[in-house]
Trainee: 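Quick one: structure below, then a few questions.
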Amino acid sequence: MLDLVILSLHFFICFLISIAIWCVQKDVDLQSSSTGGDEMETDGLIFIGKEEDIKKSQRITAKINGREIVVFYHEGKFHALDSRCYRKIFACVISDIDGQVCIVCPWHKFKITLETGEGLYEGINPLEPSPTPKWQSKGVKQRIHKVTINNGNVYVSPPDLSVSFDSDYFADKYKNGGELAMGK
């Protein structure tokens, strides 16, 4: 009986260690680079990190002009978006919802597509004879950023701030080390 308890405890500790390793995130602050600012290439792209490093960690945070973004690697694709949706989304879960890869905010359960930044909700049409819940779009809520891979390096395009998204409010609120800035 004691052997079973020890074995169970050992399994549980190994499980916790594996979760801790999986959850370890690599933060990058491009503002503190050796150039004193963002590492910008001649075509306007901003260097985020090495492709293989991001593939291993599955996600990485970076600052672009003080704005926190997160780059995800999921099922062979890279996705970049603002790091906050009413709270930080860096610690979120990635799920398939109605055929779309989404992040799910751990606090508010918001579902945001990685491809488009759309918020999803499950709703019904009360006019249907037998209403059944269906996934629907709230519209684009989260700013996404274009990711470019070149020679094993991952780059992100600077945000086009001429168009506004809901995530901009929180990106600006916590820009440059605000009181609830990620990792602070």
Side-chain angles (χ1 to χ4, degrees), residues 11-12 14-27 48 51 54-64 67-149 154 156-175 178-184:
F11 175 78
F12 182 71
C14 289
F15 176 74
L16 290 178
I17 290 171
S18 66
I19 288 177
I21 291 170
W22 181 78
C23 290
V24 168
Q25 312 304 331
K26 182 177 179 184
D27 292 329
I48 299 299
E51 182 179 9
I54 299 171
K55 283 181 177 180
K56 286 178 189 172
S57 67
Q58 300 291 299
R59 60 187 81 179
I60 187 172
T61 57
K63 280 192 178 182
I64 297 177
R67 183 185 201 99
E68 293 174 347
I69 67 159
V70 61
V71 177
F72 291 98
Y73 178 74
H74 182 73
E75 295 183 354
K77 291 184 180 178
F78 286 92
H79 307 274
L81 55 158
D82 283 350
S83 68
R84 296 188 180 275
C85 80
Y86 310 101
R87 296 278 310 240
K88 60 182 171 180
I89 61 172
F90 189 72
C92 67
V93 174
I94 297 178
S95 297
D96 179 68
I97 298 175
D98 199 32
Q100 298 182 73
V101 179
C102 297
I103 54 171
V104 180
C105 173
W107 293 278
H108 304 99
K109 306 303 180 213
F110 294 142
K111 286 120 179 104
I112 301 167
T113 65
L114 288 177
E115 289 286 330
T116 64
E118 284 180 276
L120 300 180
Y121 70 99
E122 198 169 27
I124 61 168
N125 180 353
L127 300 177
E128 288 181 4
S130 178
T132 56
K134 294 180 183 158
W135 288 103
Q136 300 176 40
S137 174
K138 297 179 191 178
V140 177
K141 300 292 184 183
Q142 198 76 17
R143 180 179 295 281
I144 59 171
H145 305 270
K146 183 178 181 237
V147 178
T148 302
I149 310 299
V154 177
V156 172
S157 298
D160 173 11
L161 300 177
S162 66
V163 179
S164 177
F165 298 99
D166 290 359
S167 66
D168 290 339
Y169 171 79
F170 294 96
D172 289 339
K173 183 175 181 177
Y174 300 109
K175 191 174 184 177
E179 68 182 61
L180 293 175
M182 193 165 25
K184 304 274 188 236

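What you are looking at is a predicted structure, and each value in this text was computed from that prediction instead of being measured.
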Trainee: List the residues meeting salt bridge (Lys or Arg N to Asp or Glu O under 4.0 Å) with Lys138, not counting sequence neighbours, and say none if there are none.
Mentor: none
Trainee: Using the rule side chain to side chain contact (heavy atoms under 4.5 Å, CB included), only one of Ile69, Leu114, Val156, Val147 pairs with Leu81; which is it?
Mentor: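 Only one of Ile69, Leu114, Val156, Val147 forms a side chain to side chain contact (heavy atoms under 4.5 Å, CB included) with Leu81, namely Leu114.
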Trainee: Would you check, one step at a time, whether the test salt bridge (Lys or Arg N to Asp or Glu O under 4.0 Å) holds for Lys77 with Glu115?
Mentor: CA-CA 10 Å; Lys77 291 184 180 178; Glu115 289 286 330; 3.6 Å; yes
Trainee: Is there side-chain contact between Trp135 and Lys111, with heavy atoms separated by less than 4.5 Å?
Mentor: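 A side-chain contact under 4.5 Å exists here.
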Trainee: State whether the side chain of Glu68 and the backbone N or O of Ala171 hold a donor-acceptor pair below 3.5 Å, judged by distance alone.
Mentor: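 No; judged by distance alone, with no hydrogens or angles, the pair does not exist.
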Trainee: About how many Å separate CD1 of Ile144 and OG of Ser167, when rounded to the nearest 0.5 Å?
Mentor: 10.0 Å
Trainee: Can you measure from CD (Gln58) to CD1 (Ile94) and round to the nearest 0.5 angstrom?
Mentor: 7.5 Å
Trainee: What heavy-atom pair brings Ala62 and Ile48 nearest, and what distance separates the two atoms?
Mentor: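 So the minimum-distance heavy-atom pair works out to CB-CD1, 3.8 Å.
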Trainee: In Å and rounded to the nearest 0.5 Å, what is the CG to CZ distance from Asp166 to Phe110?
Mentor: 9.5 Å
Trainee: Quick one: pull up CD1 in Ile103 and CD in Gln142 and give me the separation to the nearest 0.5 Å.
Mentor: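 Going from CD1 on Ile103 over to CD on Gln142, the span is 5.5 Å.
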Trainee: Hey, does the side chain of Asp172 reach the backbone of Tyr169 with a donor-acceptor pair shorter than 3.5 angstrom?
Mentor: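 A pair under 3.5 Å: no.
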Trainee: Write down the atom of Lys55, the atom of Phe78, and the distance for their closest heavy-atom approach.
Mentor: CG-CZ, 4.0 Å
Trainee: Please examine the side chains of His145 and Pro159, heavy atoms only from C-beta on, and report whether any two atoms are closer than 4.5 Å.
Mentor: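 Contact flag for Pro159/His145 side chains = yes.
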Trainee: Given salt bridge (Lys or Arg N to Asp or Glu O under 4.0 Å), test Arg67 with Asp168 step by step and report yes or no.
Mentor: CA-CA 9 Å; Arg67 183 185 201 99; Asp168 290 339; 2.4 Å; yes
Trainee: Any chance the side chains of Glu118 and Thr116 put a donor and an acceptor closer than 3.5 Å?
Mentor: yes
Trainee: For Arg59 and His74, indicate whether the former's side chain and the latter's backbone hold a donor-acceptor pair under 3.5 Å.
Mentor: no
Trainee: Taking all non-hydrogen atoms of both residues, which atom of Gly139 and which atom of Ser137 are closest, and how far apart?
Mentor: N-OG, 2.8 Å
Trainee: Which heavy-atom pair separates Arg143 from Ser164 by the least distance, and what is that distance?
Mentor: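 Heavy atoms only, the tightest pair is NH2-CA, 4.2 Å.
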Trainee: Considering only heavy atoms from C-beta outward, does the side chain of Thr113 approach that of Cys102 to under 4.5 Å?
Mentor: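 Yes - at least one pair of side-chain heavy atoms lies under 4.5 Å apart.
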Trainee: Determine whether Phe72 and Ile60 make a side-chain contact, defined as any pair of heavy atoms from C-beta on separated by less than 4.5 Å.
Mentor: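 Sidechains of Ile60 and Phe72: no contact.
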Trainee: Quick one: list whatever passes salt bridge (Lys or Arg N to Asp or Glu O under 4.0 Å) with Lys134, sequence neighbours left out.
Mentor: Glu128
Trainee: Just by distance, no angles: are the side chains of Gln136 and Tyr121 close enough, under 3.5 Å, to form a donor-acceptor pair?
Mentor: yes
Trainee: Could Lys146 and Asp160 be called an ion pair, given the rule that one side-chain N must be under 4.0 Å from one carboxylate O?
Mentor: no
Trainee: Counting N and O atoms only, with roles assigned by atom type, does the side chain of Thr61 sit under 3.5 Å from a partner on the main chain of Val70, one being a donor and the other an acceptor?
Mentor: no
